[in-house]
Amino acid sequence: MMLSVTPHTPPSHNSPMLPPDTVPFICHTSGADYRTGDLKLGRTAVLTDLGRYLRVPFDCLVKCVDAMPSQQDLQQIRNNLTKCKILTDDKSGLRWTDFIPPATSKVSEENAFKPLGRIIAEILAEVPKSGVSFLANPNVSPLSQRNNTSRPDGYLPKIHWFDIAVPFEFKKAQDRESFQDDEQKIIWSLHSIMREDLRHRFAFGITMEDTQLRLWLSNRAFLAVTEPINFFENIDGVISLFYALGSASSYSKNLGWDLTVERIRDEEGFQYKFTIGEEVFTTTRELATYGADSMVGRGTRMYEAKDAKGKKVALKDSWREAGRQSEGEILDNILASCVKKLQAEELADAKKHFVGVRLWQDVTINDALDKTLDPMFVEEHNHTWVSIDLNPIVSTTPHLPSTGDVPHSGQLSTFLPTQLGIIVQKDIGIPRRVHTRTIFHDVGVALKDVTSLADNLNCLSGALLALRYMHKAGWVHRDFSVGNAIWVGGVGKLGDFEYAKETDSNTSNDVRTGTIHFMALEVESQSYLFFPRQARHLDPPSFRMNFLHDIESVWWAFTWVFFYNTDMDATNVDHSSDAQWKAYQVAFPGMVGQTSRHHFFLYTRRKELENFLTKTCFNVCGPIIPDFADALIDDYDTAEATFPSLALDDALLNDMHTKAAAYLNDAQGRAGGIELCPLSNLLKQKRPRPGDETSPPPKNQGKKPRRD
C-alpha cells in the first residue's frame with residue numbers, strides 16, 4: 001500500500017577549515033548481487049550496507065511530518081468519523097467500526113486490512129487541500145525505471161515509484177518473522193523510492209503487524225523508525241499520523257520532494273531541469289547514478305546537462321556530511337595552495353589536469369538549507385540504534401560484476417548476524433548531511449569506461465600528473481579510483497576532491513578513506529607496514545595518509561585495468577577467462593583485511609601474470625606491475641627507515657612520481673591499438689551466473705617482499 005502523491009555558496013562560518021575524516025564501508029550495492037535483478041539478493045545488499053536504524057518515540061517522528069491536529073481538531077475529526085461510521089462510540093468505548101485486530105480475522109491478509117483503506121481515506125478527507133490518496137494494490141508492481149518487481153502492500157499513490165509518497169507493509173501476525181519480513185520489505189520500498197527519483201530528498205513509510213503500527217523515515221544520513229503504537233488503543237495517534245501526512249501533502253516538499261528540480265519527459269524517458277542560483281540546467285543523459293543505490297551516504301548522481309545557451313556541463317547532485325566543506329571549496333583551497341607553491345607553468349598545467357568547477361551551491365528549499373532531519377528532534381527523548389537482522393546469513397559465493405558500474409568483486413563480506421532488537425551503541429551521534437550541487441566545465445568519460453587501452457593509460461597518466469601537483473602543493477587526494485580519473489577531449493583529468501586534505505592539517509588520525517579496490521595497504525590496515533624490524537618495539541606515530549598512498553592507488557588502478565578487462569580479440573585458446581577472473585578475485589577481493597590482496601602487492605611476479613593474462617595485455621603490463629610495486633615498496637622503506645619519524649621529503653616525492661610516470665609512459669608505448677572488453681562480458685556469454693568460483697587461498701604466506 002502507498003500514499004502517492006549567486007551560484008557560489010560562501011564558506012560556512014561554523015564549518016571547520018578542513019574536512020573531518022570519515023570511516024568508509026564496503027558498498028554492497030556496488031556489487032554484482034545487487035545488479036542481477038534478483039530481488040532477494042538486492043534486498044540483502046541494501047540491508048547489509050545499511051546495517052542499523054534509529055529507533056525513536058512515535059510522537060517525535062510524527063511531529064517531523066507536519067503539524068499534528070490540535071485537541072479541538074482531534075475532537076472534531078473523531079465526531080466526523082463517528083458520523084460516517086468509521087468510528088463507533090458506545091458503552092465499550094471508542095473503536096473502529098469495521099476493522100478488527102487482523103490476527104483474529106479468519107479472512108485473508110488482504111481482506112483483513114481492507115477496512116484500513118476507508119479509515120485512511122476518511123481521515124485524509126478531514127485535511128484541507130490534502131494532495132494524497134490511499135491505494136491498496138498488493139498484486140501490482142509500481143512502474144520502475146529499473147528492474148524492480150517489488151510490490152508494497154499499499155501506498156498513497158500514483159503508481160510509479162516516482163509518485164509514491166508513503167509505502168505500506170502489513171502482516172496479520174505479530175511475531176518475529178512478520179516483523180522481520182515487514183522490516184525488510186519497507187526498507188526495500190523506501191530504497192526504491194529514493195533510488196528511482198532524484199527529486200526525493202527523503203521518504204516516509206508505514207508498517208503494521210496485527211495491531212502494531214510504526215512510522216519509518218529514510219534520508220541520506222540515516223533510517224529511523226518509531227516505537228510501535230497500538231492501532232486500536234491509540235486512535236488519536238492514528239488520526240494524528242494520517243492527518244499530518246495529509247497536511248504535508250499540501251506542500252510536496254514536506255513529503256520529501258525537491259521543488260527546485262522539475263522532471264520532464266523526452267524521447268528516451270525522463271530528464272531533469274535544475275535551477276541553481278539564477279541558472280537553469282537540463283540533463284541530457286546519466287553519467288553515473290550508482291551512488292544513489294545505497295540508502296545512506298552521499299547519494300551521488302552525475303549527469304551530462306546543458307545550460308540555457310546549450311553549453312554542455314557535468315552536473316553533480318550529492319549529500320555531503322554536515323561540517324565538511326563542499327567539493328568546490330576544497331578545490332578552491334587546493335588551487336590557492338598551488339598558486340603559493342608551484343611555478344607559473346606548473347600552475348597552468350595543474351589547472352589543465354584538475355576537473356574544472358564552474359559553480360557550486362548548497363540546495364535551499366523555501367530559503368532554508370536542505371539538510372537531513374535535524375537530530376535535535378530526538379535529543380530530548382530516548383533514542384537507540386538497532387542492528388538489522390540479516391538472517392539467513394548472506395551467500396559468500398562470488399558473482400560477476402555488471403558492466404558500467406563501479407567495480408566490485410561481487411562477494412558480500414561475512415556478516416555477523418545479530419538477533420532482532422539488539423540495541424547497539426546508545427551513545428552514538430546522529431549523522432547529518434547537507435544537499436549540494438556542483439557544475440563542472442568538463443564532461444568526459446571515467447577511466448573505467450574508456451575502451452582504448454592507449455587512451456586509458458593516457459588518462460591515468462594525466463590523473464597522476466594532477467596528483468603530482470596536488471602533492472607538491474601539500475595535499476593528498478585520498479580517494480583515487482578508476483571512477484574519478486576522467487578522459488576529457490584527449491586529456492586525463494582528476495576529479496572528486498571531496499576527501500582531499502592538506503598533509504599538515506591538525507587531524508591527529510586518518511581513518512580509511514577511498515575505494516577498497518584502490519586503497520593503499522597501509523590505509524586499509526591503518527598502520528605503517530614498512531618500518532625496520534628493530535623499530536617494532538617503538539610506539540608508532542598516529543597514522544596519516546601521505547603521497548605514497550595516493551600513488552599506490554594509481555598502481556592498483558593500473559593493475560585493475562588489465563585484470564578487470566581483456567583485449568577485444570582475446571578469443572584464442574591459450575587464454576582462460578576463468579583463470580583471469582579467479583586472479584581478479586584474489587587481487588581485488590572487495591573486502592577489508594584480505595591477505596590475498598596484501599600478498600598480491602608484495603609478491604606477484606611476471607610469470608604468474610603471464611599464466612592468466614592474454615599475451616597482448618601481458619606484453620603491455622607484465623614487466624610493469626611487479627616493477628612499479630617494487631618501486632613503491634622501496635620508497636616506503638625509505639620513508640619509514642627512521643621510524644617512528646617519517647622521511648616524506650620533496651626528493652622522495654619527486655623520485656616516486658618520476659618513476660610512476662615512467663612506468664605509465666612505458667605501458668602507453670606498448671598499448672598499440674588494443675581495445676578493451678570487460679572480462680565479465682565474455683564470461684556471461686559462457687554462463688549467466690557462476691556458482692563455483694572462489695578465490696584460491698594466497699600462496700607463500702610469510703615470505704619476505706620480493707627484491708628482484
Side-chain angles (χ1 to χ4, degrees), residues 464 467-468 470-472 474-478 480 501 503-504 509-510 512-514 517-559 587 592-609 621-667 698-708:
L464 175 67
L467 281 178
R468 183 170 194 161
M470 275 188 73
H471 295 158
K472 289 187 71 172
W475 287 74
V476 283
H477 187 274
R478 306 201 307 158
F480 188 90
K501 188 177 78 170
T503 53
D504 60 355
N509 285 77
D510 273 354
R512 294 188 189 99
T513 306
H517 279 337
F518 314 105
M519 188 182 291
L521 298 186
E522 290 192 336
V523 177
E524 180 187 349
S525 66
Q526 286 296 282
S527 60
Y528 298 105
L529 303 176
F530 299 93
F531 55 83
R533 292 188 62 185
Q534 60 269 26
R536 286 181 298 176
H537 66 283
L538 300 175
D539 292 332
S542 297
F543 180 77
R544 303 174 69 91
M545 286 189 66
N546 59 58
F547 59 81
L548 291 175
H549 300 132
D550 276 345
I551 301 174
E552 186 185 330
S553 292
V554 174
W555 178 87
W556 284 106
F558 174 80
T559 304
V592 172
Q594 297 299 295
T595 56
S596 65
R597 189 169 182 268
H598 287 234
H599 181 274
F600 175 76
F601 177 74
L602 295 172
Y603 305 116
T604 296
R605 298 176 180 274
R606 301 179 192 182
K607 187 63 178 177
E608 295 172 58
L609 301 176
C621 72
I624 295 173
I625 288 176
D627 290 351
F628 193 167
D630 277 344
L632 279 162
I633 293 169
D634 288 341
D635 277 14
Y636 276 127
D637 287 343
T638 300
E640 298 172 24
T642 57
F643 194 82
S645 63
L646 301 177
L648 296 165
D649 53 25
D650 290 343
L652 189 67
L653 186 154
N654 289 326
D655 176 73
M656 191 62 247
H657 266 291
T658 299
K659 288 187 286 191
Y663 289 128
L664 295 186
N665 289 337
D666 184 10
K699 299 178 181 180
N700 305 317
Q701 293 189 43
K703 279 187 178 181
K704 298 287 185 183
R706 62 176 182 273
R707 286 288 183 266
D708 56 344

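In what follows, residues are counted from 1 in the order of the sequence shown. Since the structure is predicted, the reported quantities are computational estimates derived from the model, not experimental observations. These numbers come from the heavy atoms of this one structure, side chains and all, not from hydrogens, waters or symmetry mates.
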- Name all pairs fulfilling the salt bridge (charged side-chain N to carboxylate O under 4.0 Å, His left out) condition that reach into residues 654-663, sequence neighbours left out, sorted by first residue then second. Asp635-Lys659, Asp655-Lys659

- Assert yes or no for the condition that the ring centre distance of Tyr663 to Trp555 is strictly below 6.0 Å. no

- Query: Backbone N or O of Leu521 within a donor-acceptor pair of the Glu552 side chain at under 3.5 Å?
  - Reply: yes

- Item | Any residue meeting side-chain hydrogen bond (donor to acceptor under 3.5 Å, both in side chains) with Thr642, in chain and number order, not counting sequence neighbours | Ser645

- Mind checking whether Thr658 and Arg468 have side chains closer than 4.5 Å, heavy atoms only? yes

- Is there side-chain contact between Glu522 and Arg544, with heavy atoms separated by less than 4.5 Å? no

- Task: Output all residues satisfying side-chain contact (heavy atoms from CB on, under 4.5 Å) with Ala639, sequence neighbours left out; order by chain, then residue number.
- Result: Leu548, Leu648, Leu652

- Message: Do Phe601 and Leu632 have side chains that approach each other closer than 4.5 Å (heavy atoms only, starting at C-beta)?
- Response: yes

- Are Leu467 and Ser553 close enough that some pair of their side-chain heavy atoms sits under 4.5 Å apart? no

- Message: Which residues pass the side-chain contact (heavy atoms from CB on, under 4.5 Å) test with Pro540, not counting sequence neighbours?
- Response: Phe643

- Asp666 side-chain N/O to Ala662 backbone N/O, donor-acceptor pair under 3.5 Å: no

- Query: Do Thr604 and Pro626 touch side chain to side chain, with heavy atoms closer than 4.5 Å?
  - Reply: no

- Item | Residue pair Trp556 / Met519: nearest heavy atoms and the distance that separates them | NE1-O, 3.7 Å

- Would you indicate whether the side-chain heavy atoms of Ile551 and His471 approach each other to under 4.5 Å? yes

- Item | Close side-chain approach of Arg536 to Phe531, heavy-atom, < 4.5 Å | yes

- Message: If we ignore hydrogens and angles and just use 3.5 Å, is the side chain of Asp550 paired with the main-chain N or O of His477 as donor and acceptor?
- Response: yes

- Message: Run the ring pair (Phe, Tyr, Trp, His ring centres under 6.0 Å) test against Tyr636 and tell me which residues pass, sequence neighbours left out.
- Response: Phe530, His549

- Lys472 and His657: CA distance, side-chain angles, deciding distance, side-chain contact (heavy atoms from CB on, under 4.5 Å) verdict: CA-CA 11 Å; Lys472 289 187 71 172; His657 266 291; over 6 Å; no

- Item | Separation between CZ of Arg605 and CG of Asp627, rounded to the nearest 0.5 Å | 11.0 Å

- Message: Treating Glu640 as the side-chain partner and Asp637 as the backbone partner, does any N or O pair qualify as donor plus acceptor under 3.5 Å?
- Response: no

- Query: Does a side-chain heavy-atom distance below 4.5 Å link Ile624 with Phe558?
  - Reply: yes

- Item | Listed partners of Ala587 passing side-chain contact (heavy atoms from CB on, under 4.5 Å), at least two apart | Phe563, Phe600

